[in-house]
Number of protein chains: 4
Amino acid sequence: MQSDGRPIGLKRNPIIEEARRRQIIDAAIETVAAVGYAQASLSRIAQHARISKSVISYHFAGKDDLLEQVVTQIYDDSWKFIEAALETEDTASGKLRAYIRSNLDYLHAHRSRALAVGDIVRGHRAPDGTPRFAATTDESVVDLLTAILRQGLADGEFRDLDPQVVAVTVGQALIGVLGLWVMNPAVDLAACTTELITLFDRATRK
Amino acid sequence: MQSDGRPIGLKRNPIIEEARRRQIIDAAIETVAAVGYAQASLSRIAQHARISKSVISYHFAGKDDLLEQVVTQIYDDSWKFIEAALETEDTASGKLRAYIRSNLDYLHAHRSRALAVGDIVRGHRAPDGTPRFAATTDESVVDLLTAILRQGLADGEFRDLDPQVVAVTVGQALIGVLGLWVMNPAVDLAACTTELITLFDRATRK
Amino acid sequence: MQSDGRPIGLKRNPIIEEARRRQIIDAAIETVAAVGYAQASLSRIAQHARISKSVISYHFAGKDDLLEQVVTQIYDDSWKFIEAALETEDTASGKLRAYIRSNLDYLHAHRSRALAVGDIVRGHRAPDGTPRFAATTDESVVDLLTAILRQGLADGEFRDLDPQVVAVTVGQALIGVLGLWVMNPAVDLAACTTELITLFDRATRK
Amino acid sequence: MQSDGRPIGLKRNPIIEEARRRQIIDAAIETVAAVGYAQASLSRIAQHARISKSVISYHFAGKDDLLEQVVTQIYDDSWKFIEAALETEDTASGKLRAYIRSNLDYLHAHRSRALAVGDIVRGHRAPDGTPRFAATTDESVVDLLTAILRQGLADGEFRDLDPQVVAVTVGQALIGVLGLWVMNPAVDLAACTTELITLFDRATRK
DNA sequence: AATGAATGAGTTTTCATTCAT
DNA sequence: TATGAATGAAAACTCATTCAT
């Protein structure tokens, strides 16, 4: 529960509040990326942010709330970036290429977010094991890609493919290439990006 | 540490011993599949196996040991299945198809193993966040696929592709499709298998 | 590990902090004195201090840390007392007498400390049996006595004796007499003190 | 409780039984000497004896029983040795010298017993902290020495000393010198023996 | 005579959370 | 707005003991 000491009325300073919230969210992302969801305790997150543990309790209702905001933040943020890239393309194949490229570019620029978000979505559950995120997340990516692929099918751009399966494949391929690069930073992510674009171009065209 | 009650010598009864070991390993797999690595405590695993917590300590040196044996068991088991499928093919493209099919077939038949193994490999770390499995696992899959793809390149079967990137893509595509099916068992995994085979056939051929 | 709840910086309240630390250290001493090192669990110590078990984890990094501070505290404390007594004497024989008397007086006033410190120093070890205190403790007493005896030899006050053996003998005699009194509080510790002073006076003079 | 499987009637083989009992007792002594009472679990003792843990349960009613027999064994054994030495002397001062020498000789020959016995007597208690050995042990040594000293007083051999205090001092001096030698095997125990004999000769004579 | 298997009680430690200030 | 202090629940693990064979 959020601390009762939290002011209810007018005294809140939304600027400081927001800065702290961001700082804590960033620390949570870095911590999960570094040690994995299962080892990412509030203590460790606080330690990373160089703040007291109770500051987290003050700004967030609890661990659930924090992680929910972390995930939301990352999805919103990445979506802004990808959306802008998609808007520059009209054809489905162009959008597919733009999606792959913008996605990898974003992940390239925000490695820890990419690492953290999957871990949290998969790992964060109720004490009884019930997922706390489920469909909200991966599905939105798959849904977007599915929509692009359906458009391409309708426009006659693509061969007769199953949009959902290909969408999932694209999504996971991105994660896979990212994982490769994360484990071994020597991997040339730009080259991988080109390779993936070629691969799915061939895999989808008539 | 393994419970000190554990006999040191060779005289232990291998039948009961092995049965219990399997029972506990299976319970661990089911538990991780059901509630996720982070929630899979020894208590819960014991509860699932309907045994006392300390029976686990008796048969395994600790949580590390148990999870290591779980992963080993799954990898060994699936490898036997896949290996047999690969041996029926001579060409690289045939082997690629066989790999995709046998892998999905195995996962289809052992859903919880598929769910558990990734979670454990990703989640199980030292207290300081250092991975405990890392290379042993995903790499071996990627290495196998890379070898198949290299053979295909040498034999002139494939277009000029980057074997490692494609290998990773294939591996992750499998995980992705599996994930799709796991979240939504209504997904037609057989259809997905066919789709993936087509996809990577097109993506790799000249 | 110290509970992660523990603030890292410098801002902690030193008054409450110190009070609790002392309270816990005292409870540890009383508990070890009452039930012996091997039976002195953190539970029992917490019970004795009438606090929750986790308060100990909050203020100390662990059992090791607590016991180390217990021993340090007792040694520092007793040393202050003995040092003051030694400073009132110039001759070696005077210092020897002062050491015996002040030591027994201190132990007489703090029976549980006397009981606990030996038990902890002897009993507290790494899981593999390696001592955790060893030389730090008994040696410093022996070293002090050895120095006094060497001074007496140099000044021609004492017969030709082996300073180390006599030092050990004195040290152990004190422990022995104390043990006698501890087991049987009816023993007249003051009389024992006088007796020991006479004994070692005779044993060392020319 | 002793295992119910223990044969009650005539089938026991007292020779094998006795050999095992001794083996286990010896292992217990070595283990306590090596790692200290608090770390000397039945597992570790069994490991040391290279037998199964349950063999101990078979031959002893429990840990209490085992440790009691360990202590009894050591006291009986050392007493035989010391008694023989005392019988060669008539005067109290001769007996005192003989006691010191024979005691140190015995300890010298059985270092682990010397280490273990004190640790067990001090450490072994009921779960509530109540001692399990108490007076039985150290007292018998002190009683013997006290008797010797009383005889010397009665015969006019000694100065007017407090027999109990001196007895305790002698006993602890022996332990102290032994401890010195145990910590640092380079210490010349024979020289220490001579030194102690001189010391207490001077400390007690008229 | 011996021992593998099993277990419940108890160990230290970590954690998310609450509360008073 | 912030945080030190406290706590109960639960984690992994160890131990002496019991029991069936």
Side-chain angles (χ1 to χ4, degrees), chain A residues 1-7 11-13 16-17 20 39 41-44 46 51-59 61-64 66 127, chain B residues 1-9 11-14 16-17 20 41-44 46 51-64 66 127, chain C residues 1-7 9 11-14 16-17 20 41-44 46 51-59 61-64 66 127, chain D residues 1-7 11-13 16-17 20 39 41-44 46 51-59 61-64 66 127:
Chain A
M1 280 297 144
Q2 205 147 343
S3 172
D4 294 337
R6 177 83 175 267
K11 290 185 179 175
R12 303 193 312 177
N13 179 336
I16 292 182
E17 281 232 343
R20 266 275 188 264
Q39 285 76 32
S41 68
L42 290 184
S43 295
R44 235 199 265 250
I51 57 175
S52 156
K53 220 178 23 165
S54 9
V55 180
I56 298 179
S57 300
Y58 180 73
H59 290 279
K63 204 183 187 184
D64 286 0
L66 169 59
Chain B
M1 281 292 153
Q2 198 148 345
S3 172
D4 294 338
R6 179 72 178 279
I8 310 153
K11 291 187 177 176
R12 37 200 164 105
N13 180 339
I16 294 182
E17 166 81 10
R20 267 274 187 266
S41 69
L42 291 184
S43 291
R44 230 196 269 253
I51 56 176
S52 155
K53 234 186 334 177
S54 26
V55 179
I56 298 179
S57 294
Y58 180 74
H59 290 279
F60 297 88
K63 205 182 187 186
D64 285 1
L66 170 57
Chain C
M1 280 293 155
Q2 199 148 346
S3 172
D4 294 338
R6 179 74 178 279
K11 290 185 178 176
R12 37 199 163 103
N13 180 338
I16 293 181
E17 166 81 9
R20 266 275 187 267
S41 70
L42 291 183
S43 291
R44 228 196 271 252
I51 56 176
S52 154
K53 232 187 333 178
S54 25
V55 178
I56 298 180
S57 295
Y58 180 74
H59 291 278
K63 205 182 187 186
D64 284 2
L66 170 58
Chain D
M1 281 299 148
Q2 205 146 339
S3 173
D4 294 337
R6 175 82 176 266
K11 288 186 178 175
R12 303 192 315 177
N13 179 337
I16 293 182
E17 282 232 344
R20 267 273 189 265
Q39 286 75 32
S41 67
L42 289 185
S43 297
R44 235 199 265 250
I51 56 173
S52 155
K53 220 178 24 164
S54 7
V55 180
I56 298 179
S57 299
Y58 181 73
H59 290 279
K63 203 182 188 185
D64 285 359
L66 169 58

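Chain identifiers are assigned alphabetically (A, B, ...) following the order of the sequence lines, protein sequences preceding nucleic acid strands; residue numbering begins at 1 within each chain. What you see is a predicted model; the values in this text were computed from it and never measured.
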**Student:** Between B/L66 (CG) and F/dC13 (P), how many Å, whole number?
**Tutor:**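 Taking atom P of F/dC13 as the reference, CG of B/L66 is at 10 Å.
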
**Student:** Of all the choices, E/dG4, F/dT3, F/dA12, which nucleotide is nearest to the side chain of B/Y58 once you look at every atom?
**Tutor:**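 For B/Y58, the side-chain atoms sit closest to E/dG4.
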
**Student:** Using atom types as modelled and distance alone, determine if a side-chain donor or acceptor of A/S54 lies under 3.5 Å from a backbone N or O of A/S57.
**Tutor:**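 Checking the backbone N and O of A/S57 against the side chain of A/S54, no donor-acceptor pair under 3.5 Å is found.
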
**Student:** Taking only side-chain nitrogens and oxygens of A/S57, does any of them come within less than 4.0 Å of OP1 or OP2 of E/dT18?
**Tutor:**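 False: A/S57 side-chain N/O out of range (4.0 Å or more) of E/dT18 OP1/OP2.
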
**Student:** Compare every heavy atom of B/I51 with every heavy atom of B/I56, then report the nearest pair and how far apart it is.
**Tutor:**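 Result for this residue pair: CG1-CD1, 4.2 Å.
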
**Student:** From CD of A/E17 over to C1' of F/dA2, roughly how many Å is that when rounded to an integer?
**Tutor:**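 From A/E17 CD to F/dA2 C1': 12 Å.
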
**Student:** Does C/H59 offer a backbone N or O that forms a donor-acceptor pair with the side chain of C/R20 under 3.5 Å?
**Tutor:**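 Answer holds: no.
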
**Student:** Rounded to whole angstrom units, what separation is found between the CG atom of A/D64 and the P atom of E/dC15?
**Tutor:**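 Spelled out: CG on A/D64 to P on E/dC15 is 17 Å.
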
**Student:** OP1, OP2 of F/dA11 versus side-chain N and O of B/S43: anything below 4.0 Å?
**Tutor:**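 Answer is yes, contact under 4.0 Å.
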
**Student:** Round to a whole Å and report the spacing from CZ of D/R44 to P of F/dT14.
**Tutor:**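 Atom CZ in D/R44 sits about 11 Å away from atom P in F/dT14.
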
**Student:** Using whole Å, what does the distance between atom C1' of nucleotide F/dG4 and atom CD1 of A/I56 come to?
**Tutor:**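 To the nearest whole Å, that distance equals 15 Å.
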
**Student:** With rounding to the nearest 0.5 Å, note down the distance linking CG in A/L42 to NZ in A/K53.
**Tutor:**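 Answer for the CG-NZ pair, A/L42 versus A/K53, is 7.5 Å.
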
**Student:** Between F/dA12, E/dT3, F/dC15, which one does the side chain of B/L42 approach most closely?
**Tutor:**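 Minimum distance to the B/L42 side chain belongs to F/dA12.
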
**Student:** Closest-nucleotide mapping onto DNA chain F: is B/K53 or A/S54 further toward the 5' terminus? I mean the 5' end.
**Tutor:**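 Per heavy-atom nearest nucleotide, the more 5' residue is A/S54.
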
**Student:** Of D/R20 and A/Q39, whose closest DNA chain E nucleotide lies nearer the 5' terminus?
**Tutor:**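 Result of the comparison: D/R20.
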
**Student:** Taking CD1 from A/I51 and P from F/dT3, how many angstroms apart are they, rounded to a whole number?
**Tutor:**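 Checked: the CD1 to P distance equals 7 Å.
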
**Student:** So if I take every side-chain heavy atom of B/H59 and compare against F/dA12, F/dA6, E/dA6, which nucleotide ends up nearest?
**Tutor:**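 Within the option list, the nearest is E/dA6.
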
**Student:** On the nucleotide F/dG8, are OP1 or OP2 found under 4.0 Å from the side-chain N or O atoms that C/S52 carries?
**Tutor:**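 C/S52 to F/dG8 OP1/OP2: side-chain N or O found under 4.0 Å.
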
**Student:** In what stems does DNA chain E take part, counting only runs of at least 3 consecutive Watson-Crick or G-U pairs whose two distances fall under 3.5 Å?
**Tutor:**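 Output for stems: E:2-21 with F:2-21.
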
**Student:** Quickly work out the A/K63 NZ to E/dA16 P distance and round it to whole Å.
**Tutor:**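 Roughly 4 Å, once rounded to whole Å.
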
